[in-house]
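Heads up: the structure comes next, in structure tokens.
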Amino acid sequence: MDQRYNHKEIEAKWQKRWDAQDLHRAHDTSKKQKKYLLDMFPYPSSAGLHVGHPEGYTATDIVTRYLVMTGHEVLHPMGWDAFGLPAENYAIKTGAHPKKTTEDNIVNFRRQIKSFGFWIDWEREVNTSAPEYYKWTQWFFLLLYKRGLAYRKEAAVNWCESCKTVLANEQVVNGACERCKNPVVQKQLKQWFFRITDYAEKLLQGLDTIDWPEPIKRMQRNWIGKSEGATIPFHVMQSTDFVRSRDSQSSRMGIVGTVEVFTTRPDTLFGATYVVLAPEHGAVDVLHEHITNWSEVRRYRERAASKTDLERTDLAKEKTGVELQGLKAVNPANGEVLPIFIADYVLATYGTGSIMAVPAHDERDYAFSKKYHLPVREVIAASEPQESQCYTGAGTMKNSGKFDGMESAQAKWVITTFVKGKKTVQYRFRDWLISRQRYWGAPIPIIYCDVCGEVPVPEKNLPVELPTDVDFLPTGESPLTQSKKFHDVACPSCGKPARRESDTLDTFVCSSWYYFRYADARNPRAFASKKKMAEWLPVDLYVGGAEHAVLHLLYARFFTKVLQDAGYVDFDEPFMKLKNQGMILADDGQKMSKSLGNVVNPDEVVAEYGADTMRMYEMFMGPFEDAKPWNTKGILGVRRFLDKVWQLREKINIPTSDVRGTADVPTLQADLIRLLHQTIKKVTEDIVHFRFNTSVSALMILANAFAKEKHITRKSYKEFLKLLAPFAPHLAEELWEKVDQSANPLHPKGSRSRDMESIFKHPWPSYDEKLIAEDEKEIVVQINGKVRARFTAPADASDTDLQQQAFAHEIVQKWLAGNTPKKVFVAKGKLVSMVI
RNA sequence: GCCGGGGUGGCGGAAUUGGUAGACGCGACGGACUUAAAAUCCGUUGGGGCAACUCAUGCGGGUUCGAUUCCCGCCCCCGGUACCA
């Protein structure tokens with residue numbers, strides 16, 4: 001007999017047969033309970049599939065097959081996040097058109113993913129770079145535009161010199177471009193934004209309603225960065241006025257302006273010893289004529305503007321600033337006259353772009369005050385003595401006039417009211433910059449007309465197709481401007497000559513809605529029909545890497561909330577449950593990378609060991625959500641296990657399917673049945689909880705037990721195959737078929753035909769708790785906390801029985817040496833512990 | 001710096017309403033088969049000790065009859081974030 005199964009033959013056979021039977025189709029009209037399982041769709045890179053891709057896909061595939069076998073109709077689709085920079089950069093290098101290279105890569109990716117035999121409904125495949133898809137991406141842009149959520153404005157934006165395009169804040173990593181790692185600079189440009197900040201509160205609150213990993217939720221909360229505080233007005237005066245007249249009445253005459261500051265600590269207002277504006281703050285320009293050291297101020301502003309984000313944060317350790325001479329601010333709480341600075345530790349983009357500085361209770365202000373010798377005044381007394389001169393906690397008010405003695409938490413809002421400040425909520429994140437000066441993306445459907453201004457492309461004219469007569473070299477202007485045919489159009493509103501917007505959409509716009517499309521992937525009249533969305537959405541389980549914590553996952557939630565407000569869907573969270581897969585590292589523990597030459601090619605693994613082996617190995621490596629190193633030797637162990645399963649079929653030689661107690665069946669059978677039922681329970685629970693590594697282990701334990709037997713029953717083997725089927729579907733199908741073909745001369749053909757159906761048309765095994773319970777247990781005796789003896793006792797033995805048996809034990813007698821223990825504890829069915 | 005996750009054999013990892021630490025797999029060692037090797041099968045495998053025992057879940061304390069699990073204080077690694085007032 002063959003000791004090893006022929007994976008090439010078996011896997012090809014079943015993949016073909018499943019396709020022919022349309023087994024993996026998700027039926028919209030099915031009456032079964034519906035489930036929607038989704039993998040983050042891949043970017044079809046030229047490098048081909050990474051071993052990390054099938055890790056997530058196998059997990060969803062296992063759950064899909066399990067759900068199918070437990071009577072559900074499951075949608076598990078796949079598609080391509082096909083727009084993006086790599087294809088365009090490749091085009092710049094080689095001249096190959098992105099459309100062509102992307103199509104080639106998709107063909108390769110599809111072949112690779114299919115080689116794993118995943119339960120995927122390929123009829124629903126989507127490709128974001130296809131006009132029939134991006135037509136709807138453009139439609140979404142128009143929807144947001146109509147709802148006032150898409151706008152164009154000139155602002156300081158992140159600019160990557162190397163990619164020659166702007167970037168969203170979410171795409172700037174440590175002050176550098178996420179893609180090319182070059183430093184990002186600030187540029188004043190007119191760009192398109194989505195008003196995602198309008199949804200800050202909803203995006204925050206929705207997190208409480210979804211089953212996502214806590215770290216991801218926390219990252220989103222931090223990214224949104226809500227803080228409650230107050231805006232407080234400070235009058236600005238010319239300092240000369242103070243010299244002339246010190247009494248506050250007449251000094252009022254000198255007011256030249258007002259600066260609003262945002263603070264989360266209005267309770268510390270009496271401790272403010274200066275005011276700081278961001279270098280870019282508009283008041284600096286407005287008050288220009290009153291500033292007596294203007295050239296110094298101008299120089300500082302220019303230096304701050306030329307810094308990259310990276311430099312600005314790098315130099316952050318040493319704070320810098322310049323006083324605005326000639327101007328003073330008035331503390332509204334006590335009338336004190338304070339100096340005003342500009343300093344780049346205050347950000348123009350957050351709050352009001354200006355702060356009141358309270359060195360005694362803020363670390364940054366404290367550092368600045370030390371450098372420029374500014375006074376520090378404590379106004380909050382800590383309940384315990386502090387080492388540092390800067391105390392940022394809560395406490396009792398002091399040096400604060402009539403508020404002395406009040407608790408700071410309460411004083412906050414009392415003082416805010418006292419100085420006519422406003423309670424204010426601030427969010428850290430900013431609107432989503434969505435325009436890109438690049439070619440390989442969906443064109444923004446807007447036309448600029450000299451007469452009508454900004455005109456949205458009418459829906460009936462969608463899609464606005466990408467032109468092909470362009471050169472890809474990035475110039476800082478979108479390549480689309482080169483195509484006259486594309487660029488010069490008639491205004492849809494007045495018909496006069498007009499220009500098309502030449503920027504394209506951030507690819508994250510394309511991926512913000514693709515999960516809706518799968519519900520109705522070929523619909524030419526809508527992004528998806530309401531009816532079909534109602535059948536499948538929201539997504540029950542979403543699986544992918546954690547790197548999208550604040551990018552894709554935040555944007556997709558935003559889109560869904562907009563769709564709900566617009567009445568297209570009746571839910572506001574797209575992904576009910578989220579699981580993050582851990583990264584698969586190279587065997588040296590490092591990230592797999594071409595430059596290190598440690599990349600494992602899935603094609604080679606599938607060719608050598610088979611898809612079932614690779615699937616199962618990736619599940620066995622370790623906890624799904626942990627990072628884990630690849631070990632080629634470890635694959636061998638899984639392959640040995642599957643070969644063992646293959647050989648087990650030889651042990652079925654009992655003609656009738658399930659007779660117990662025949663001469664051939666040893667007494668061990670009861671133990672085996674118990675183990676089988678324990679395994680059913682374990683595997684079922686582990687699949688539901690994404691503990692695939694321990695379910696594989698449980699399957700191995702059962703197979704090992706079977707292998708020790710001379711014979712096993714057909715029924716128990718078939719139950720085992722069903723448990724194996726989600727993990728190793730090809731082999732399970734093959735053996736399922738084989739076991740039936742070899743069956744059972746006693747049974748007529750009729751009963752055979754049903755069993756001949758795919759194993760996935762059969763119900764998932766159930767277990768019987770009564771059969772799982774052991775009737776005898778091993779009891780451990782601990783003496784002074786250490787295990788000294790063990791004995792077996794009936795599972796239902798009473799505490800006294802157990803105690804008595806323990807005392808009677810030879811070794812225990814020796815330890816007791818005739819004495820009685822001081823204390824005895826019994827843990828039922830587990831142990832007896834005594835102190836002597 | 002701040003926030004989060006984690007440190008268990010030679011390796012990947014099991015086991016936590018506190019109750020036999022090391023399941024399962026890899027590797028290693030010994031044996032069978034083979035002219036030989038591979039493959040396969042059987043056995044052993046945390047350290048120390050002939051043994052009785054003893055040490056051991058990052059380090060140091062604590063609570064407990066009993067701690068990988070709970071508490072306090074450190075160290076190290078990984079991920080996120082970066083002056084957000």
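Just so it is clear: chains get the letters A, B, ... in the order the sequence lines come, proteins before strands, and each one is counted from 1.
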Test of ring centre spacing under 6.0 Å for A:Tyr617 and A:Trp630 = yes
5'-most contact on RNA chain B: A:Asn693 or A:Lys226, nearest heavy atom basis?
-> A:Asn693
How would you label the contact of A:Lys786 with the nucleic acid (heavy atoms, under 4.0 Å): base, sugar-phosphate, or nothing?
-> sugar-phosphate
How about A:Phe692 and A:Phe620: are their ring centres within less than 6.0 Å of each other?
-> no
Going by atom types alone, do A:Gln220 and A:Arg557 pair a side-chain donor with an acceptor below 3.5 Å?
-> yes
Under 3.5 Å, is there a donor-acceptor pair linking the side chains of A:Tyr427 and A:Glu201?
-> yes
Does A:Glu214 pair with A:Arg221 as a salt bridge, N-O distance under 4.0 Å?
-> yes
Hey, which of these two, A:Gly637 or A:Asn784, hits RNA chain B nearer its 5' end, going by closest nucleotide?
-> A:Gly637
Residues A:Asp643 and A:Arg640 bridged, charged N to O under 4.0 Å | no
Mind checking A:Arg691 for me? I need base, sugar-phosphate or nothing, with any heavy atom below 4.0 Å counting as a touch.
-> nothing
Report the distance from atom CH2 of A:Trp630 to atom C1' of B:C26, rounded to the nearest whole Å.
-> 14 Å
Classify the nucleic acid contact of A:Arg428 as base, sugar-phosphate or nothing, counting any heavy atom under 4.0 Å across all strands shown.
-> base
Span that lies between the C1' atom of B:G49 and that of B:A56, in whole angstrom | 15 Å
Let me know the distance between CZ of A:Arg221 and C1' of B:G4, rounded to the nearest Å.
-> 13 Å
Base, sugar-phosphate, or nothing for A:Ile701, non-hydrogen atoms under 4.0 angstrom?
-> sugar-phosphate
Dot-bracket encoding of pairs in RNA chain B, which uses [ ] for pseudoknotted crossings and | for another strand, Watson-Crick or G-U under 3.5 angstrom | (((((((..(((......[....)))((((((.......))))))(((....)))..(((((..]....))))))))))))....
Taking only the side-chain nitrogens and oxygens of A:Ser227, find out if one of them lies under 4.0 Å from OP1 or OP2 of B:A85.
-> yes
Sub-3.5 Å pairs of nitrogen or oxygen atoms, protein against nucleotides 40-42 of chain B:
from: B:U40; atom 1: OP1; to: A:Arg640; atom 2: NE; distance (Å): 3.1

At under 4.0 Å between heavy atoms, what does A:Asn704 touch on the DNA or RNA strands: base, sugar-phosphate, or nothing?
-> sugar-phosphate
Could you state the CD1-C1' distance from A:Ile232 to B:A85, rounded to the nearest angstrom?
-> 11 Å
Do the side-chain N or O atoms of A:Lys628 get closer than 4.0 angstrom to the phosphate oxygens (OP1, OP2) of B:G12?
-> no
Here the distance between atom C1' of B:A85 and atom CD1 of A:Ile380, to the nearest Å, is 15 Å
Who passes salt bridge (charged side-chain N to carboxylate O under 4.0 Å, His left out) against A:Asp431, sequence neighbours left out?
-> none
Between B:U57 and B:C70, how far apart are the P atoms? Round to whole Å, please.
-> 15 Å
Salt-bridge present (A:Glu625, A:Lys579; N to O < 4.0 Å) | yes
SB check A:Glu685 A:Arg691 (cutoff 4.0 Å) | no
May I ask you to verify if any side-chain N or O of A:Tyr350 is less than 4.0 angstrom from the OP1 or OP2 atom of B:A85?
-> yes
B:U40 versus B:G79 - spacing of their C1' atoms, nearest Å | 44 Å
Does the pair A:Lys628/A:Asp626 count as a salt bridge with the N-to-O cut at 4.0 Å?
-> no
Check whether the side chain of A:Glu778 and the base of B:U20 form a donor-acceptor pair under 3.5 Å.
-> yes
Write down the distance separating the C1' atoms in B:C50 and B:G62, rounded off to the nearest Å.
-> 39 Å
Which part of the nucleic acid, if any, lies within reach of A:Thr263 when heavy atoms closer than 4.0 Å are counted: base, sugar-phosphate only, or nothing?
-> sugar-phosphate
Indicate, yes or no, whether a donor-acceptor pair under 3.5 Å links the base of B:G4 to the side chain of A:Glu214.
-> no
Atom CG of A:Asp686 to atom P of B:C24: distance rounded to whole Å?
-> 15 Å
Touch check for A:Ala627, heavy atoms < 4.0 angstrom, all strands: base, sugar-phosphate only, or nothing?
-> sugar-phosphate
Take atom CG of A:Asp587 and atom P of B:G27, then tell me their distance rounded to the nearest Å.
-> 14 Å
Determine the Euclidean distance between corresponding P atoms of B:C3 and B:C72; express it in Å to zero decimal places.
-> 15 Å
Just do the ring pair (Phe, Tyr, Trp, His ring centres under 6.0 Å) check on A:Phe368 and A:Tyr345 with the steps written out, would you?
-> CA-CA 9 Å; A:Phe368 190 82; A:Tyr345 84 92; 5.2 Å; yes
Counting any heavy atom closer than 4.0 Å, what does A:Ser354 reach on the DNA or RNA strands: base, sugar-phosphate only, or nothing?
-> nothing
Measure from the ring center of A:Trp432 to the ring center of A:Phe193 and say whether it is less than 6.0 Å.
-> no
For A:Lys217 and B:U81, give me the distance from atom NZ to atom C1', rounded to whole Å.
-> 20 Å
C1' spacing across the pair B:A14 / B:A21, given as an integer number of angstrom | 10 Å
Atom-pair distance (CE on A:Met219; P on B:A82), nearest Å = 10 Å
